[in-house]
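I have placed the structure first, in the form of C-alpha cells, so that the comments after it can refer back to it.
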Number of protein chains: 2
Amino acid sequence: MSLTPRPINVTFAYQQVAEEIESQILRGELKPGDQLPGETELAQLFGVTRSTVREGLRHLESDGLVHRPSPRRLEVTVPQADQLTTRAGRAMALMKVTFRELWEVTMVTEPLAARIAAERASADEIEMLQGLHSDLVGAEGQMARTIELDEAFHTRIGEMGRNRVLGLAREPISLLLFRGFAQIAPYATQFYKRQIEAHSNIIAAMRDRDCDRAEKWARMHIEDFWRGAQIAGLEDAVALNPRALS
Amino acid sequence: MSLTPRPINVTFAYQQVAEEIESQILRGELKPGDQLPGETELAQLFGVTRSTVREGLRHLESDGLVHRPSPRRLEVTVPQADQLTTRAGRAMALMKVTFRELWEVTMVTEPLAARIAAERASADEIEMLQGLHSDLVGAEGQMARTIELDEAFHTRIGEMGRNRVLGLAREPISLLLFRGFAQIAPYATQFYKRQIEAHSNIIAAMRDRDCDRAEKWARMHIEDFWRGAQIAGLEDAVALNPRALS
DNA sequence: GAATGTCATATTGTCCGACACTAAGGGGTA
DNA sequence: TACCCCTTAGTGTCGGACAATATGACATTC
C-alpha cells in the first residue's frame, strides 16, 4: 500500500495572519486603498501578540499587497510593477539564465510591443519617444547613459501598447538583455549605428500607424542584437544581475 | 526656483538587515544552499535584537531568497518559479487585466513555446505530453479537470523548450487565460472539439520535429481560443483570480 | 478665513526577557 | 552498523517597555 505523500505543513501564527489578510484582499473584501487597523488592534483581533502580527505584515509588505505611505498608515495596495520586475530580474539572474534564453523570448515580445504601440500610442507619446531617441543619439560614447536610454526606449514602447500583461512580462527580460549592450558594443563597430537606425525606423512606422512595419523593424532590431551577441561570443553567457550596475 | 523632490526615505533597522543579506546573496558572497547563522547570532552580528532580525528574515523569506527546509535550518535559495508565478498572477488579477491583454501576449508566447519544444523535447517528454492529452480527452464533460489538464498541457510544452525565461514569463499568463475556458465552453459547442484537435496536431508536429508546423498549430489554437472568447463576449472582461478556484 | 504654529495622543520601531516545543546531534546499547 | 534515548540549542510566541514621531485638534497670526 502506498501512502500518499501529502507534505504536511505546519502553519505558524504569523503565516496565518498573513494568509488571512491576503485572502481577504484577494477575495475583494479589502480593496486597494483601504486602511488597515493598527498593529495593536490587529493583534487582539487575531488573538496573537503584536510581534507576531508584525512578522505577518512584513510578509505582506514584501509581497506588495500592503504598504506604508507613512509609518503610521498601513493600507492595502496592488503590487507595483517595478517590484515584480525587480523580483523576476533577481530570480533570473540567480538562476543564471543565458542570453540565448532572454533573446528567444525578446524576439517575440518586442515585435508585439512595437506592433500594438504603433496601433494605440497617442501622437504625444510618439513625440516623447522621439525625444528619448534623440537623447540616445546624443549620448554616443557614454556607455552607461546609452544603456539607460536604450532600456527606457524599449520600456516606453512596452507601455504605449496599453497592455499591462505585456509590460509585466517583457520588462525584467529586456532589462537583463539590454545590459548586454555593454559587452557587445566593443566587438561590433557597426552595431551602435544599426541600433540607432532601427530605432528611427520603428518611430517612423509608428508615426504612419504602420503596425506591420513597426513589428518588422522591431524584429530586425532584436535579430541584429543577436548577431552582435554572437560576434561577442555571448550566446550562452550568463546575463548579469542588473543590480550589479547600480 | 524648483526644489528637487528627493523622496527622503528612512530605512529602518529590519530593512537594513534584509538589504544587507540580500546584497550579499546577489553579490554572490552567499550562494544558494549556504546555511545562515541562527537568529541570535545574526542579532549580535548586526547589533540589533532578535525581533528585528526576524522581521528582516520574514522579508527575505517572502522574497524567496532564503527559506527554511525545517524550522531549524535557514538557507539561501534561488527564488522558486511557482512562487513568482503566484505573485505575478495575483498582481495581474488585482490590477484587473482583461482577457484581451492576456490573449495578445499568449498569441506570441505559446507559438514560441511549441516551436522550441518541437526542436528540443526528448522523445520521452513527447510521450508524456501525449499521455496528458489522452487524459484530457478522457475528461470530457468534467470542467474543473479539463481546465487543470489543459493548463498542465501548456505548462509542459512551456518547460520542454528548456527556456526558463519563457517558462517564467508565460506561466502566470496562461494560467489566468485558460481559466477562461470554463466561461467559454458553454457558449461554443464546437470549441472543445477543436481544442482537442489542435493539441493532437501540435503533438504530431513535435513528433516530426517540425518546428514550423508546431508553431503554426499553437497559433491557430490560441486564435481559436480568442474566437471562443469573442462568442462568449469576454474580450474585455476581467480575468478571474486563479486563487478563486482553489 | 486661511495659513501657520503649538500640543497631546496614539502608534510605530526597537529593545529586553522569558518559556514551551522540537529538530539535530551525541552517546549509549543491541 | 543500526537503532534508540537524551541533551541541547534554537525557533516561535508571548508580554511588557520606551523613545521617537506622525497625526489630528486646537490656538494663533495675518
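Quick note on labels: first sequence line is chain A, next is B, and so on, each numbered from 1. The structure displayed is predicted, hence computed values, not measured ones.
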Q: Kindly state each residue pair satisfying ring-ring contact (aromatic ring centres under 6.0 Å, His included) with at least one member in residues 162-184 of chain B, sequence neighbours excluded.
A: His154(B)-Phe178(B), Phe178(B)-Phe225(B), Phe181(B)-Phe191(B)
(Q) Looking at Arg54(B), I'd like to know whether one of its side-chain N or O atoms comes within less than 4.0 Å of OP1 or OP2 on dG12(D). (A) yes
Q | From Leu175(B) atom CG to Ile147(B) atom CD1, the distance as rounded to the nearest 0.5 Å | A | 10.5 Å
Q.
Can you work out whether Gly47(A) or Leu74(B) has the more 5'-proximal nearest nucleotide on DNA chain D?
A. Leu74(B)
Q.
Measuring to OP1 and OP2 of dC15(C), would you say a side-chain N or O of Thr52(B) lies under 4.0 angstrom away?
A. yes
Q | Pairing residues for Glu20(B) by the salt bridge (Lys or Arg N to Asp or Glu O under 4.0 Å) criterion, not counting sequence neighbours | A | none
Q: Ignoring hydrogens and angles, state whether a donor on the side chain of Glu151(A) or Ser174(A) is under 3.5 Å from an acceptor on the partner side chain.
A: no
Q. Gln35(A) CD to dT11(C) P: how many Å, rounded?
A. 11 Å
Q) Between Glu75(A) (CD) and dA22(D) (C1'), how many Å, whole number? A) 15 Å
**Q.** Pairwise side chain to side chain donor-acceptor pair (under 3.5 Å) hits with a residue in residues 34-47 of chain B, at least two apart
**A.** Gln35(B)-Arg73(B), Glu39(B)-Arg50(B), Glu39(B)-Arg54(B), Glu39(B)-Arg68(B)
Q: Please report, rounded to the nearest Å, how far the P atom of dT11(C) is from the CG atom of Leu45(A).
A: 14 Å
**Q.** Whole-Å gap separating P (dA20(D)) and CZ (Phe12(B))
**A.** 15 Å
Q | By salt bridge (Lys or Arg N to Asp or Glu O under 4.0 Å) - contacts of Arg87(A) (at least two apart) | A | Asp63(B)
Dump every N/O contact between nucleotides 6-10 of chain D and the protein below 3.5 Å, one line per pair.
from   : atom 1 : to       : atom 2 : distance (Å)
dA9(D) : N3     : Arg72(B) : NH2    : 2.8

Q.
Per the ring-ring contact (aromatic ring centres under 6.0 Å, His included) rule, what does the pair list look like for residues 33-75 of chain B, sequence neighbours excluded?
A. none
Q. For Arg68(A) and dT23(D), what is the distance between atoms CZ and P respectively, to the nearest whole Å?
A. 12 Å
Q: Calculate the interatomic distance between Glu61(A) atom CD and dG13(C) atom C1'; express it in whole Å.
A: 12 Å
Strictly under 3.5 Å: I want the nitrogen or oxygen pairs between protein and nucleotides 17-19 of chain C, one per line.
from    : atom 1 : to       : atom 2 : distance (Å)
dA18(C) : N6     : Arg50(B) : NH2    : 3.3

**Q.** Spacing of Leu42(A) atom CG relative to dG13(C) atom P, expressed in whole Å
**A.** 13 Å
Q. Residues in side-chain contact (heavy atoms from CB on, under 4.5 Å) with Glu104(A), at least two apart?
A. Arg100(A), Ile116(B), Arg120(B), Asn163(B)
Q. With sequence neighbours excluded, what pairs up with Glu119(A) under the salt bridge (Lys or Arg N to Asp or Glu O under 4.0 Å) test?
A. none
Q: Rounded to the nearest angstrom, tell me the gap between atom CD in Gln15(B) and atom P in dT12(C).
A: 15 Å
Q.
Need one value for Thr49(A): base, sugar-phosphate or nothing, where a base atom within 4.0 Å counts as base even if backbone is also close, heavy atoms only.
A. base
